[in-house]
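Below: the structure, in structure tokens.
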Amino acid sequence: MIQLFTHPLVTQPVEIFFIVLVIILVTPLVFNKLKIPHVIGMIMAGIIIGPFGFGVLDRDSSFSIFGQVGLLYLMFLAGLEIDMFHLRLNLRKGVLFGLLTLFVPLIAGIVTSVYLLDLDWITSLLLGSMYASHTLLSYPVAARYGITKSPAVLIAIVGTIIAVAGALITLGIAVNIHRDGYFDTLSLLRLILLTALYCVVVIYTYPRVTRWFFKKYNDKVTQFVFVLVMVFLAAWCAQLVGLEGVLGAFFAGLVLNRFVPAASPLMGSIEFVGNALFIPYFLISVGMMINVRVVFHTETLTVAAVMLGVAIVSKWLPALMAQRAQNLSRSSGGVIFGLTAAHTAVALAVVTLGVNMHMFDERILNATILVILITCAIAPAVTGVYAPRVKLEMLHQEELDEGRTTRMNRNTRVNNTLIPVANRRSAAELMELAVLMRTDVGRHAMYALHVRSDNSTAARNESAAALQAASAAAAAADVRITTLDRYDMNIATGMLNAINERDITEVIMGLHRRQSSIDSFFGAKVEQLLKATNKMIIISRCFIPVNTVARIVVAVPDKAQYETGFARWVRAIARLTTQLGCRVVFCCPDDIQPLIRGVLYQENFGVRCEFQSAPTWDDFIVYSPNIQQDDLLVVIGARPASLSFSDDMAEMPRYIQRIFGTNNVLMIYPEQFGESQTPLMSFADPLFSDVDSTPSKLMLKLRSWMRPGRKPNKPASE
């Protein structure tokens, strides 16, 4: 590629931004049709329009800033999207791979630099740190195929942390020796101590500050800006310590992971901004740094061939060794190699530092650029080849774990959720809770319902506002819902009719606000609904945002396992726990514990669960002082005459109001066996009667008294 113009053709900000947006728009469309990861297309577009291509754009300060921001954003997203439960399961495997992918390239780089490139030992150590580092450039490819929870991806992520940290420490050692002429042990110890202090401060302060901020400010735009502030603060502090900013951004993603659920609107906003702007900017800026003309220099080709061979082989060997050691498939080994093969940010930092300190000459600089070019092309391509195979292996493993019959039942499972919304203030909160508890198995339809008994213009406007707020909350999380504006006799009757018409399987609704001291805990509407339907009903009362919950505590009554909806409510809590990334504690009788474990294992939920023996309600009362203000209390209720109902259930609402009056509470009434319902009686419909029910003895006697001369009929049961 020959640069046609000495000065960039386009210099105006509006035109520059327009060209970048066109590249971001067109490149994925073209490369997806060619079955090539569009990450490669972004880099190639940067080469073509950059100063070493046709010179359309210059790599000015805007590309430097947005490119650096995009790299930090990419690393932050990688940490944010990690499933922490599965990461802990694969931590030991990841540490082994991290040590391999650090020391194999480091040793290979030192040896080849000394004996093949005729470099001294200190310069070879600096160049070895470049081989040891890598960037998760092809992580978006793995995310697009939905394999971010696979062991291969998690092992590669843990290995990246260790490799980059080790490479930066090696870089510091080489620079220190070159500058001072000897190895300074105190400087190395200082770096290690500052790194440890940095990690402790971030782990301690970030969760507390984030929880406080999310409780105080519930606006999504404000929360989004706050998250970015915390990310770049972590990156800046990492640079002050002596680490690379990418490590700080990635570490911030890990710490903030539990406060940004995967299905939340906040996560949707973060992913949208990153994938639409910052990350493509970074990829284009990488391409603009690559000078393809260095390939045509013979001396550069020789050095580049050696360096490229070391860079590829030294990253392929650790992936192969980890695959064999951990008994992974060949496809998983390919994904590990694809994720760890690209050299960009740290490689550029190393070679730039080496040139500035006169340790590297121009041939090393040009060869490093060529290594970056080829590895950035190879990594996404390899990941794109093996990622679909890993996805198929994951699906096949699910079939083996669950059984073909179970999987067929899961795929044909029907989940219809009704979310009654009373006003615009509570609509968004209820919808976010419903989205977090939403299942991705089978068919799941969600309905937002507003019932009004008044057909005035003001009532219709209030209904439209509530449903619009619910739709906006669902759209922010990329979830489709159906809104229902119902004019009915009363609210309870309208909800019951909607349940029957839409074949609703569960209802998620808010707890009413008590208007007087004689008002019941649930209110008349909920009590009527509990009597009139057998479906699962979830009643929510939240004072703090759900994503700030530190722990979920579930109170399970005796004989709860005999209810029809036992597995359904366990799955709902498990989905909520998975999204929040917190622990769940089941306070239940000992004979229920293995059944809950069975549901969690059968559905393959990755949750951290604990069990507290509580055979009776009194045992739960003894445990209740351990429930903190940031915990979510979930109480499994029971309808009268159900198997799990007891006298304690009648006193339970009063106890919750007295002891947990300011806690987040979910009341779950499981689905009951049978389809029969108790009809709703209302003064608004005085002619209403249950024509199917059998007359009582008292009613028969009253009829006989009103009709003298006739003997009272005996009930059929007699």
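Just so we're clear, the structure is a prediction, and the values are computed from it rather than from any experiment.
Between the side chains of Arg568 and Asn415, at least one donor N or O sits under 3.5 Å from an acceptor N or O. With no hydrogens or angles considered, no side-chain donor-acceptor pair links Glu671 and Thr564 at under 3.5 Å. No side-chain donor from either of Thr505 and Asn416 sits under 3.5 Å from a side-chain acceptor of the other.
No side-chain donor-acceptor contact under 3.5 Å links Arg258 to the backbone of Cys582. Thr578 places a side-chain N or O within donor-acceptor distance of the main-chain N or O of Ala574, the cut-off being under 3.5 Å. Judged by distance alone, with hydrogens and angles left aside, the side-chain atoms of Arg639 form a donor-acceptor pair with the main-chain N or O of Pro670 at under 3.5 Å. Listed for the Arg502 side chain is no donor-acceptor partner under 3.5 Å among the backbone atoms of Ala445. Remark: the backbone N or O of Ile504 is not paired with any side-chain donor or acceptor of Tyr447 at under 3.5 angstrom. Looking at Asn423, its side chain does come within 3.5 Å of a backbone N or O of Ser426 through a donor-acceptor pair. At least one donor-acceptor pair closer than 3.5 Å links the side chain of Asn257 to the backbone N or O of Leu80. Put simply, the side chain of Thr160 gets close to the backbone of Ala156: a donor and an acceptor are under 3.5 Å apart. Proximity of a side-chain donor or acceptor of Asn497 to a complementary backbone N or O of Thr493 within less than 3.5 Å is detected. When atom types are taken as modelled, the side chain of Thr210 and the backbone of Tyr206 share a donor-acceptor pair closer than 3.5 angstrom.
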Hey, mind stepping through Gln326 and Leu96 against side-chain contact (heavy atoms from CB on, under 4.5 Å) and telling me if it holds?
CA-CA 10 Å; Gln326 308 300 339; Leu96 174 62; 3.2 Å; yes

Report the C-alpha separation of Lys220 and Glu432 in whole Å, then their side-chain angles, then the decisive distance to 0.1 Å, and conclude whether the salt bridge (charged side-chain N to carboxylate O under 4.0 Å, His left out) test is met.
CA-CA 12 Å; Lys220 298 309 174 188; Glu432 290 179 14; 3.5 Å; yes

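By the 6.0 Å and 45° rule, Arg211 does not stack over the aromatic ring of Phe214. For the pair Arg658 and Tyr655, the cation-pi criterion (under 6.0 Å, within 45° of the ring axis) is not fulfilled.
Annotation: side chain to side chain donor-acceptor pair (under 3.5 Å) contacts of Thr101 (sequence neighbours excluded): Lys315. By the ring pair (Phe, Tyr, Trp, His ring centres under 6.0 Å) test, Tyr217 is found to be paired with Phe213, residues two or more places apart in sequence or in another chain being considered. For Phe259, there are no ring pair (Phe, Tyr, Trp, His ring centres under 6.0 Å) partners two or more places apart in sequence or in a different chain.
Side-chain contact between Met230 and Phe226 is present, with at least one heavy-atom pair separated by less than 4.5 Å. Residues Tyr139 and Ile157 are in side-chain contact: their nearest non-hydrogen atoms beyond the backbone lie under 4.5 Å apart.
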